[in-house]
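The structure presented is a predicted model; accordingly, all values stated were derived computationally and were not measured.
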Amino acid sequence: MADIFDVIADPTRREILRVLLDRSSDATHAAGDISVSEIVATLELSQPTVSKHLKVLREAGLVAVREEGQHRYYRLDSRPLESVEDWIIPFTASDDDLELSVRLAQETRDFASSVGKVLADTRHRMSSATERVTPKKWRRD
């Protein structure tokens, strides 16, 4: 399988993805599917060109295809682009975003530490209380 960055590097494939994205957000097309002929007409490209690029997008997992007779309908699957997003965000985040991220990470660690301390204290109290009320003959030593 081709690297996702190689796949989206091609401007024609990015245009096809844009058409699929537009279709998926179009409320009049509930399934978000679009036929190859509609993509050809929208982008004013040849059918073989569009089919070649759709094959690459399909192999990369960026599109799903549904066959109906001789027609193929494509739909965007943006999940593989999450790795691209994860890689790009640090380069596009502002200093404020990075500062917020660091602060939130510290707050998360502090919260987890507090929860851990409360749980440990609760466990100790429960063990102590159980020890006091359990007869010696039932205790495991």
Side-chain angles (χ1 to χ4, degrees), residues 1-136 138-141:
M1 182 171 85
D3 180 70
I4 191 74
F5 290 97
D6 291 334
V7 173
I8 63 174
D10 185 278
T12 303
R13 288 193 282 270
R14 288 195 309 268
E15 284 301 311
I16 292 171
L17 289 172
R18 173 62 58 192
V19 169
L20 293 168
L21 177 63
D22 291 346
R23 176 55 65 100
S24 69
S25 61
D26 184 351
T28 60
H29 297 92
D33 294 354
I34 186 170
S35 69
V36 175
S37 59
E38 289 178 276
I39 298 171
V40 166
T42 301
L43 297 178
E44 299 178 349
L45 296 171
S46 71
Q47 188 275 329
T49 298
V50 170
S51 292
K52 175 186 84 168
H53 288 293
L54 283 169
K55 179 182 179 200
V56 173
L57 292 169
R58 188 174 62 246
E59 290 172 350
L62 287 166
V63 299
V65 64
R66 175 177 58 86
E67 293 184 30
E68 243 180 59
Q70 294 181 353
H71 301 283
R72 291 178 181 230
Y73 296 89
Y74 286 85
R75 178 177 16 90
L76 177 66
D77 184 352
S78 61
R79 288 178 295 186
L81 293 172
E82 291 172 3
S83 62
V84 175
E85 180 183 38
D86 292 343
W87 188 84
I88 288 176
I89 284 176
F91 294 96
T92 59
S94 69
D95 288 340
D96 292 340
D97 293 338
L98 293 174
E99 183 180 316
L100 175 62
S101 176
V102 168
R103 193 171 74 241
L104 287 175
Q106 184 59 47
E107 288 174 3
T108 302
R109 284 192 296 275
D110 292 346
F111 176 73
S113 177
S114 296
V115 169
K117 288 175 184 175
V118 168
L119 289 174
D121 183 55
T122 303
R123 181 171 185 242
H124 174 71
R125 289 176 187 222
M126 290 299 296
S127 294
S128 296
T130 304
E131 182 85 17
R132 285 193 303 268
V133 298
T134 305
K136 285 189 178 187
W138 293 346
R139 291 185 198 164
R140 286 187 274 171
D141 290 324

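Taking the side chain as every heavy atom from C-beta outward, Pro48 and Lys52 never approach each other to under 4.5 Å.
Atoms CG and OG1, from Leu45 and Thr12 in turn, are 6.0 Å apart once rounded to the nearest 0.5 Å. Separating the CZ atom in Arg23 from the OH atom in Tyr74 is a distance of 14.5 Å, to the nearest 0.5 Å. Interatomic distance, Leu21 CG to Leu81 CG, rounded to the nearest 0.5 Å: 10.0 Å.
With sequence neighbours left out, Ser114 forms a side-chain contact (heavy atoms from CB on, under 4.5 Å) with no residue at all. For Arg123, there are no salt bridge (charged side-chain N to carboxylate O under 4.0 Å, His left out) partners, not counting sequence neighbours. With sequence neighbours left out, the side-chain contact (heavy atoms from CB on, under 4.5 Å) criterion links Ser113 to Lys117. Listed by chain and number, the residues in a salt bridge (charged side-chain N to carboxylate O under 4.0 Å, His left out) with Lys55 are Glu59 (sequence neighbours excluded). Scanning for side-chain contact (heavy atoms from CB on, under 4.5 Å) contacts around Ile39 gives Ile16, Val19, Leu20, Ile34, Leu43, Val50, Leu54, with sequence neighbours left out. Residues passing the side chain to side chain donor-acceptor pair (under 3.5 Å) test with Ser46, sequence neighbours excluded: Thr49. A search for side-chain contact (heavy atoms from CB on, under 4.5 Å) contacts involving Glu44 returns nothing, not counting sequence neighbours. Residues passing the salt bridge (charged side-chain N to carboxylate O under 4.0 Å, His left out) test with Asp121, sequence neighbours excluded: Arg125. Thr42 meets the side chain to side chain donor-acceptor pair (under 3.5 Å) test with no other residue; sequence neighbours excluded.
Pairs passing the salt bridge (charged side-chain N to carboxylate O under 4.0 Å, His left out) check and including a residue from residues 61-76, sequence neighbours excluded, read Asp33-Arg66, Asp33-Arg75, Arg66-Glu68, Glu67-Arg72. Counting only residues at least two apart or in different chains, side-chain hydrogen bond (donor to acceptor under 3.5 Å, both in side chains) contacts with residues 78-87 comprise Asp77-Arg79. Within the structure, salt bridge (charged side-chain N to carboxylate O under 4.0 Å, His left out) contacts touching residues 7-21 (residues at least two apart or in different chains) do not occur.
Between Ala60 and Pro80, the shortest heavy-atom distance links the atoms O-CG, 3.8 Å.
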